[in-house]
Amino acid sequence: MSELIRIANLNKIYDSGAVQVHALKDINLTIEQGEFIAIMGHSGSGKSTLMNILGCLDRPTNGVYQLDGIDIANRTNDELSDIRNKKIGFVFQAFNLIPRTSALKNVELPMIYAQVPGKQRVARATALLEKVGLGERLEHMPNELSGGQKQRVAIARALSNQPPILLADEPTGNLDSSSTIEIMELFTQLNREGVTIIIVTHEDDVAAFTHRVLWFEDGRLISDRKVEKQS
Amino acid sequence: MMLLFENIKLALSAIRSNKMRSFLTMLGIIIGIGSVIAIVSIGDTMRSVIASEYENVGINRVIYYVLPEDNVWYESDYFSQDDIDQIKDAFGDRIPYIDTYYYDSMTLSDGVRNQEKVDIYAVESGYDQVQPMDFLYGRMIDEGDVESKRNSIVIEQETAQKYFGTDNAVGRKLQLLSTTGDREEFTVVGVYKKQDSFLMAMSGGNALVYVPSSLYFTPDSLGFEINCYVAEDTDAELLRTQMTNYIARMKNRTTDEIFSTSARDEMGMMDSMMSGLSVAVGAIAAISLLVGGIGIMNIMLVSVTERTREIGIRKALGARTSHILTQFLIESAIISAAGGFIGTLLGIGIVALGGMLIGIDVVVNPLIVVIAVGFSAVVGIFFGIYPARRAAAADPIDALRYE
């Protein structure tokens, strides 16, 4: 397996003038292609900050972050936009679908910014929605879908530019237990197909689906262990 | 290019999903552009009406009369046949037509039952040379009529229909009753078609008949003014100075006391009035577009705030700063241009309706439509810049957290 993410001596300090918050302290981390990882920790542990940096929504204060061979530090905002567009699929707790926009259009969106031609976009978005089991609901608006369905649209959208990595921030936080299992099974299936998946969660049930758990406390990575599988 | 197209679709769907608000936002632009188009079209229409009016009246016509400084007129300030002949001798080569503009109101009768008030104009021969007329039958008052003081009369087509039931009334007899009760018989020598004239229609006006000047303007009559037509290839200004000097000397007045006015002067006055109006309209347009533009800016700011989260999502999914910027710029440009377009239709509609009601052809410059829509789009872009920049500058992390 090849290396997808390399983080070395990474720090993130929020400086609001009077107060300095050291959100991430000397993080060293390597993630291989095809891994299925849970990032866990209490609130304030730095897991969301790490998620933002992994997702190229934020820059580290210092240290190294390489994603798919690309050095992320010192990139312009537009360069980060392009990297997010092509390399990262986001799945959020609050689904974050564009309101009043059909499931199909939502899935097309990253491809619009990637300048994929219209026909190809529709074909790919349709295929992805079929894959997540929403082939019958292409033209549904987000408010016509259940929470589990919305999250499946969001996953289809995250996959639309075939990114090497899928970042999910508390993806089951707004879902009931049966939808949670459905979504986690979908992640498991995607991971089997080769997608690298990183999930931020505080639920042990969710972490149990993954293969590796990173535990954060007070801005430090304090535990990195493989999950024992029964089967 | 593809993104531009996507952005236009996006803007249209954003506008559609907020129909009422979009419409209210457009209202300022609609009213602004609508009133400008209406006023500019009214101006153009007036101009064309007035131009054709003077075409009828005669653009080469100049009138002279004495206007004493102390407002006291003497008999010598009036014009006799002798004066006219002298002026003719001096300037005849450059003024093909001259009379004292003898105009009166009389009753026209066929001696049986029909009678109506008419305006009579006692003309010299050759009037139809300087003032084109459309004859259906017969001819205009000619030299023979004037020299032999023949009771010849030229009437309108409508008058001929009314008295004789036919257009061809040449040779028929009619009577003119003066206000003093004199009754004289005239022979119809010509029937002409009245020019469709807006001013004449407005004045309501009696039918106009022409008779020889010699019947009314006798060698001992005096006229108040000199009414003449300047030949086409003459330096009109030079001639006017010379004639003013000549008449001043003739009447023992200073040149300042000889008043003259031409159709050209009046048209020039009309034109300067119109351009004054244009400046006023321009100011109104600027103010209403400013107000409309601020309205658009306000709504776009609301829209940007409301859609903060959407902007965050778009950025997370790979939208660049410029993508967000153009998305909102296009939205405000479309709102504004649509307002401009609706305003244009409204303005033209109002003017066309008004024109239909008073029966004149409305002049609408198609260029105005293009300019109005284009200009309002520019207004939309200008006032959309600030909200769009705010949207584009949003930090994706903060925007995603926005509730």
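Throughout, a chain's letter reflects where its sequence line sits, starting with A, and its residues are numbered from 1.
- Shown here is B/Arg389, whose CZ atom has no more than 12 heavy atoms of other residues, nucleotides or ligands within 6.0 Å.
- Proximity to chain A is limited to the side chain of B/Arg401, based on heavy atoms less than 4.5 angstrom apart.
- Residue-environment remark: CZ (B/Phe375) stays at or below the threshold of 12 foreign heavy atoms within 6.0 Å.
- Atom CG of A/Asn74 is surrounded by 12 or fewer heavy atoms from other residues, nucleotides or ligands within 6.0 Å.
- Between the CD1 atom in B/Ile397 and the CE atom in A/Met51 there is a gap of 12.0 Å [rounded to 0.5 Å].
- At a threshold of 4.0 Å, the pair A/Arg121-B/Glu6 counts as salt-bridged, since one of the basic side-chain nitrogens sits closer than that to a carboxylate oxygen.
- Summarising the geometry, atom CG belonging to B/Asp395 is positioned 8.0 Å from atom CG belonging to A/Leu57; distances are rounded to the nearest 0.5 Å.
- No more than 12 heavy-atom neighbours from other residues, nucleotides or ligands sit within 6.0 angstrom of CD on A/Glu136.
- B/Arg307 does not touch chain A: none of its heavy atoms, backbone or side chain, sits under 4.5 Å away.
- There is no contact between A/Lys86 and chain B, counting heavy-atom distances below 4.5 Å.
- Contact annotation for residues 315-337 of chain B against chain A (heavy-atom separation below 4.5 Å, listed by residue number): B/Lys315, B/Ala316, B/Leu317, B/Gly318, B/Ala319, B/Arg320, B/Thr321, B/His323, B/Gln327.
- For B/Ile313 against A/Leu97, the heavy-atom pair with the smallest separation is CD1-O, 3.9 Å.
- The environment of B/Arg390 atom CZ is sparse: at most 12 non-hydrogen atoms of other residues, nucleotides or ligands sit within 6.0 angstrom.
- Applying the 6.0 Å contact sphere to OH of A/Tyr65 captures more than 12 heavy atoms from other residues, nucleotides or ligands.
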